Every structure is written in C-alpha cells, then in structure tokens.
Amino acid sequence: MATFLAKRAFQSILVLLIISLVAFALVQAIPGNPARLALGPRAPEQAVRLLEDRHHLNDSVLSQYWQFVSNAAQLQFGSSIRSQQPVGPMLLDRLAPTVLIIVYAAVISVVLAVVLGVWSAIRAGRPIDSATQVGGMFAVAMPPFWLALVLVLVFGVNLHVFATSGYESGPAGILRSLTLPAVTIACGLAPLLIRSVRSSVLENLGADYAVAARSRGIGRLRILLRHVLRNSLLSTVTILGSSLAFLVSGTVVVETVFAIPGIGSLSVNAVTNRDFPIVQALVLLFGTLTLLANLVTDLVYAWLDPRVRL
Amino acid sequence: MKNRVLATVAVVAAGALAAGCGGSDTTSNSSSTPSDSKLLVLGQTSSPAPKGEPVSGGSLIMDRNVEPQSFDPIGTSDTGSINAQMQVYDQLIELLPGSLDPQPGLASSWKTSSDGLTYSFQLRDAKFSDGTPVTADDVVFSIRRFMGPDDPYAFMVTSVKSVEATGRNEVVMKLKEPNAALLYALSLAASSIVSEDAYKQLGPKKFAVAPVGSGAFSVASFKQGDKVVLKRNPHYWRDQQPYLDEVVMRYVPDDNARILDITSGQADVAEAISYSQVQELDGKPGMHVEIAPITGIEHIYLNNSDERLSDRRVRQALGLATPVKQLLKALYFGHAGPANDVIAPGKYTDPDVAPLAYNVEQAKQLLDDAGYADGFELTLTIPGGDSTAKQLAAILQNSWEQIGVTLKITQVADGGAVYADISKGSYQAAYFGVDTADVPVQDELYPFLYAKGGNGNNTLFKTTAKLDSDVKEAITSLDEDRRQELFGQVQRAGMRELMFLPLAFASARTAVRDEVQNFQTIPSNWWRLEQVWKSEG
C-alpha cells in the first residue's frame, strides 16, 4: 500500500509537470494580448507596457515558465492581470460552489443508477427497462445549456420552487440554488451509469456464483443485494471516477447559465480575458483534481474487490 | 479531457464575449414603431416618465452581463467596472440624463480663462462614504493618478500641464494647449475622486475591493463571479438622494438567464437584452424594455493597407453593396439606427449626413474603374461562436457576391483574437462587435483615426493633411460653432473615405420592471442610480 501510494505520488508529479507545460504552451499560443484587452483598444502603448511588465509578460518564455512552475510548487499563483487580486485565494473562494455541484450531481447520478439500473436489469425487456433506456437517451441527447434553461423556466419561473439563477449558501440556499445545476449535469452522467449498472447486474445475475447461490436456496433479493450489486458496482465506480473530467467541463456551461460563482464560470472569463495566471492555475487545479479522483477510484476499487491488490 | 474543457471554454467564452460586446449593440423601441432607416437620437430614450413622487427605501436588483474587475478607477476600461464605479464615486463634472453637455458634479462651478488654458473649479461641500470631507487635495491626488502612466484614458488629459489645490475648496488646472473636451474627460470614471487617505491606508489591492468615494452608494460587499452589493451613502451631497437603500448588481452572463430572472421577478433590471428578444419581452406585463441610443457603433474594419482596400473606390463599392437596411432588420430587429459616421455618434454628429446607400450598379462601376471588373476574393475575420457575426457575414457574402467579391469567412477564437489580428494588421476585413466611445463628443475617437501623432495610435488609415488639421483644430477650438462645422466636415470625409464600413449606431437595451421609476441609460452607457426609486406595490 505504501509503495503503491509513493509510486502514484511520483507519477502524479510527473503528470502535473506535463500538464503545466501544456497549459503554459496553450496560453502562449492563444492570440490576444491580455494587457491590451484589459486596458482597451485606445489605451496608450505605455500603459499597456507597464501592465505587461508588472506581470512579467515581456520576459523570455523560458523564464516565464520557470517562474510559473517554481511559484506553483510553493502554491503561489501570482495575481490576476484584470483585477490585480491574488489568484490562489480567488480559486479557493470559488471552489466551494463547483465542488458542491459536482458532488450533488454525482450523488443524484449514483442513486438513480443504482435504483433504475437494478430495476431495469431485473425487469429486463419490460416497460420500465425500455422507459429508462429511452429516457436516458433523451437526457443525454439534450444540450446542457438548453436543458438548464428549460428547467429554470419550469421550476424557477413557473413553479417558483428553485432560484432562477445565482448562488446562495447554507443548506436551504444550496438546495434552492444548486439543485437545477446539479440535475442538469446529472442528466448527462446518470444514463451512462444506469446502463453500466444494468448490464453488470444482468451479467452477474446469470453468472455461475449467482446460479449456484440460487440453487442453494438463497433468496433472490439477498443474492442481488449482497453479491450481485457489489460486483456490479465495480465497473460503475470506474466510470464515475473517469467522469470527473466530464463533470468539471459540465460546470463550465452550467455555472455560466445559472450564474454560479464557481471555478467553471471563472475559467470562461479567464480565457476570454486572457488572464494567464488564472488560466494556468485553473488547469493545474483541474489536473490535480482528476489525478486525485483516479487515485480515489483505485482505492475504492480495491475496497470493493479484494482481489485487486494495490 | 483538457481539450474538451478548453474547447467548451472557448465556445462559451466566445458567447460571453459576444454578449459582453453586445452590452451595447442595438435596438429601437417597440412602443414606437421600429423603423429601419430612422436615425436614433442620442439622449432620447424610450423610458416611460416616472410615476408618482420619489419614495425612499428598497433594494434594486440588477442582472448584469458583465461584472466589475476592480473598483480602483485607474487602470480599468471595461463596462463592468465603469458602470459600478460610477455609482460609488463622484467626478468634478457629471453627465446626466437628458443632456449631452457637462453638468456640475463635485465641482459646483468652474471658470475658464479666455485662452482656454486655465480652469479653476470650486468644490462643493461633500463627504466621502466614511464621513470625511472631500478636499481639494483629494481631487489633486485623484486627477494626478488619472494623468499618470497607468490609466488607459490618460490620453484624454495629455494637454493638462498641472493640477494644483489653490484653497481648501479650489482646484486649478493649467493646460499646455486648449482641450475642448476637458470637462468631458473630467466626467469619466477614470477621473473619479477617491479619498487619498483611504487609498494610502488600504493600499491599491484592498482599495480595489473596498473603495472609499463620495458617490451615492458605497460598496457593502463585492464577490467576483457573483455580485456586488452597494448600500446607500448617507453622506451623499444631493438632498434626499439616493432614494434606494441598496443596489445589488448580480453577474448573470447568460442572455437567457437574465431574461428568465426578470420574468420571474428575481431581478428588477436586466441589462443587455439581445435584439431578438426585445419585442417579446417589452410586451410582457409588469415590465418594459428601455431602448437608449449610446455612443457605440457596429462596423466592419477594412484593412486600408491591403492593396485592393487601399483604393477608396473599392471601399466605396463595398459600402454601396452593403444592404444596411436589411442588416438593421435581420440583426437588430429595427431597434438600431443606421450609422452615418464611421465612428460612434456624439453631440456633433450631423443628422443630415446620409448613411450608406445601397446601389449595386454604382458599386460595380466603381470596382470597374478601380480595375477590379472581375471582382476579387476577400477574407472576413469574425469571432467564433457569435451568431450575430455569423449572420452578418452570411448576408455580406451574399450581397458582395453580386459585385463579384467572393467573401471567405474566417472564424477565430473570440473577439479578443479578432482584435489581436486587427492590431497586428494581419486581416483584410474584420468584425468583432460594438465599438464604444466613453464621452458623447467626437474628441475621443476622431484623433485615433485622423490625427498624425498626437494622442492617437492611428494605424488603421492613412490620413490626409486636411483631415489631420481639421481634427486638430476641432479638438482645441473653444468656439462651439467652429467645432460643429469642423466635425461635420470630418464626418462627411469619413463617409466618403469609408476606412470602416459603418452599419448601425448602437442602443442599450435594458429590461426594467414597472415598479422601478426614473431608470435611464445615458449615452455614455451608464446610469445615474441615485435618481432611481421603486414605487410601492
């Protein structure tokens, strides 16, 4: 276990270095001068120059990259070219709504997956199975921004159940403001998980051990809950782990539509403004989150299936 | 995964930017009949007259498509910051609804020497939001920062030689040469009067989020990506005002989300309603859409260094082949007026100058004269993910085909990328959205186009000696009639030269719930929220 973790930590640092290099190169490649964009087309050259110098944008590319990496290693991410505020606290400040949306969406998806996946497996071919399948395809096919607007129109404008936009803190506020964003994202994720649970459950129900258990007179429900479900969740966990990237990219759209002050909407603005320090820090943050998610997936996998040795 | 995230970001970002630029695209009102050829008049908005007597109290919730980056008036140039700063600070001079002329602000009066080189301002008794008095020293400190190297608008005050406090309530400015637009420059957000003590005590970074000004409101909280809460400044110098206890500026970048917010009553005001939605929203009970002409223009950049486009006849031919009326209908739904100058409109814009006329035969003739009887291929650069730009490009492609000009459309990442191409000169024709002036007079923009040297970095157009001298004389002349005459000549020359193809003069489109009284967008595209109140019930 210790060796495994050490190895993974080492690998992660390598991957993060590569990510930082790619992030840096991409940012250099986007056309558009951040200082000029911040100050506007009519700003005197001198003012643009000053702002560039303040953020070392005129240093050599190598020296800029070295500064970025060495500062990042000390968790220093510089300050925004637009607002001049430090980037680190800015990200921390905006992490909470995004994490809440992702967790909320994941919980909705997993609950739906287990309930509907198992249900449609044991009723395979029956109406509930077909309904889940068709509904799932429908949900996946809808563009998130459109789905989000329809949800707001129905539950926000007409029924007044949820907020139409914005972020409110506190448990009631989170329910009021983040339910629709989470449902929007879950609509893209849940159908995948449902399909995965359904097919694994079907497969495991027909597996030798299930048939053997059944022949020994163990109840169907008990087999399902104690053996089949646990085995079936393995592949679902893998999908969920690798879906983190999907969830994060989902927040980019959803946070913009719902006006949620998270890192998704921050990344949209940072890219539009060519606010390089923020973009670079965000890419590193997304990279780290994805690596962590993969690590957690492996650990959960081992816990679910002791045959997997770490 | 990164790719997907970045691709999504780029698409959404382009949309957001388009919306940002669109903060000032256009519309005329639905209460009046939309017309496709009527010039809109700066300063005349479609706002209904306020009902009843002003009522104190209440909170105004505004949905904005942009947000402040910083409350430090120096170093910002975006509408998100400027419109919020205007509520928190006073300037010596103010622009108010209903007039394009400078009005007394913190300066209760001023005197100008006959040579136009000395201005002395009398300050009124005003207090900052922390209760300390506004002094001449604060004014000097603030104006000197404005004139310093950091501010993007410093070019508006390059003629100022010195600014000194000559008494507790008197400030004198000396100029190197007359500056006819000095008072307008002193009405900009960049010339906001900040508390010197507070600025020095807090330092720039803290001041940028918790500023101290003498405006109608002060910042109660500011969370980027979310909202700014402004509370009534009890020390504000105007009697009774502001009427509102609180203004909440929410950042809602999605066009449809703002509409849903105001429809559901979650917001009282929603900024930047897209053209296509104005008509529908204006008809809904409980709200109206204010159409306010602003100092903004939608135009096509033509690279005057391109061999073909350097020929005036070719530019004129493209102008004659551009169906402006059709564009106004298709893109702006009749809510924008045709442009009759190549830059944003201002006080001196002559309404008698004709917008682009549509005449294919004449266009063909001009191309023939210029030696392009067989036409040529031209590339138009537009921001990706911007549906208005795509539609515009498609209409131009169709129209210009008729004179043999084959339009190739290149989409780049977003408006920022288009602008990068323009400033490098690596484009043929380009469009990136609305271009705005910050003051309602031509003094800000003309020098960029026509004057050699001076404050302009004129890279777009090879000016003529006549235009150069006309602009220079106009911006330093103290004679209003002479200015009007010169600016009129420059306007006519612009429509002849067509260094840009002017399409439409922009309007701000703001949805306002009916209980909000006296809400008006002024031509420089911000609001005097101290005048706004909410009627009961």
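In this text, all values refer to a predicted model and were calculated from it rather than measured experimentally. Excluded from the calculations below are hydrogen atoms, water molecules and symmetry mates; all remaining heavy atoms, backbone and side chain alike, are included. Chain naming here is simple, since letters A, B, ... match the order of the sequence lines and numbering starts at 1 in each.
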In Å, rounded to the nearest 0.5 Å, how long is the span from [atom1] of [X] to [atom2] of [Y]?
X: Thr263(B); Y: Asn158(A); atom1: OG1; atom2: CG; value: 10.0 Å
X: Asp254(B); Y: Ser265(A); atom1: CG; atom2: OG; value: 12.0 Å
X: Ser264(B); Y: Leu159(A); atom1: OG; atom2: CG; value: 12.0 Å
X: Asp93(A); Y: Gln224(B); atom1: CG; atom2: CD; value: 10.0 Å
X: Tyr153(B); Y: Leu39(A); atom1: OH; atom2: CG; value: 9.5 Å

(message) Is it the case that the side chain of Gln69(B) and the backbone of Arg82(A) share a donor-acceptor pair, with hydrogens and angles ignored and the cut-off at 3.5 Å?
(response) no
Interface moiety of [X] toward chain B, non-hydrogen atoms closer than 4.5 Å:
X: Arg54(A); answer: side chain
X: Ser79(A); answer: side chain
X: Arg94(A); answer: side chain
X: Ala23(A); answer: neither
X: Leu50(A); answer: side chain

(request) List the atom of Tyr251(B), the atom of Ala259(A), and the distance in Å for their closest heavy-atom pair. (result) O-CB, 3.3 Å
(message) Side chains of Pro261(A) and Lys223(B), heavy atoms from C-beta outward: is any pair under 4.5 Å?
(response) yes
(request) Check whether any side-chain heavy atom of Glu67(B) sits under 4.5 Å from a side-chain heavy atom of Asn269(A), and report yes or no. (result) yes
Looking at [options], which makes the most heavy-atom pairs under 4.5 Å with chain A?
options: Asp421(B), Asp150(B), Asn256(B); answer: Asp150(B)
options: Pro204(B), Pro149(B), Ala257(B); answer: Pro149(B)
options: Val412(B), Leu260(B), Val252(B); answer: Leu260(B)
options: Ser77(B), Gly75(B), Ala208(B), Ala154(B); answer: Ser77(B)

(message) Taking every non-hydrogen pair under 4.5 Å, which of Leu149(A), Ile30(A), Asn33(A), Leu266(A) racks up the most with chain B?
(response)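 The option with the most such pairs is Leu149(A).
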(request) Please determine, among Pro97(A), Gly32(A), Ala47(A), Ser165(A), the option with the most heavy-atom pairs under 4.5 Å with chain B. (result) Ser165(A)
(message) Please list all pairs meeting ring pair (Phe, Tyr, Trp, His ring centres under 6.0 Å) that have one or both residues in residues 14-35 of chain A, counting only residues at least two apart or in different chains.
(response)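 Sorted pair list: Phe24(A)-Tyr65(A).
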(request) Measure distances from Ala190(B) to the heavy atoms of chain A and classify the residue's part below 4.5 Å as side chain, backbone, both or neither. (result) neither
(message) Would you say NZ of Lys206(B) has more than 12 non-hydrogen atoms from neighbouring residues, nucleotides or ligands within 6.0 angstrom?
(response) no
(message) Are more than 12 heavy atoms, taken from residues, nucleotides or ligands other than Glu280(B), located less than 6.0 Å from that residue's CD atom?
(response) no
(message) Restricting to salt bridge (charged side-chain N to carboxylate O under 4.0 Å, His left out), what partner residues turn up for Arg250(B), sequence neighbours left out?
(response)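 By the salt bridge (charged side-chain N to carboxylate O under 4.0 Å, His left out) rule, Arg250(B) matches Asp63(B), Asp261(B).
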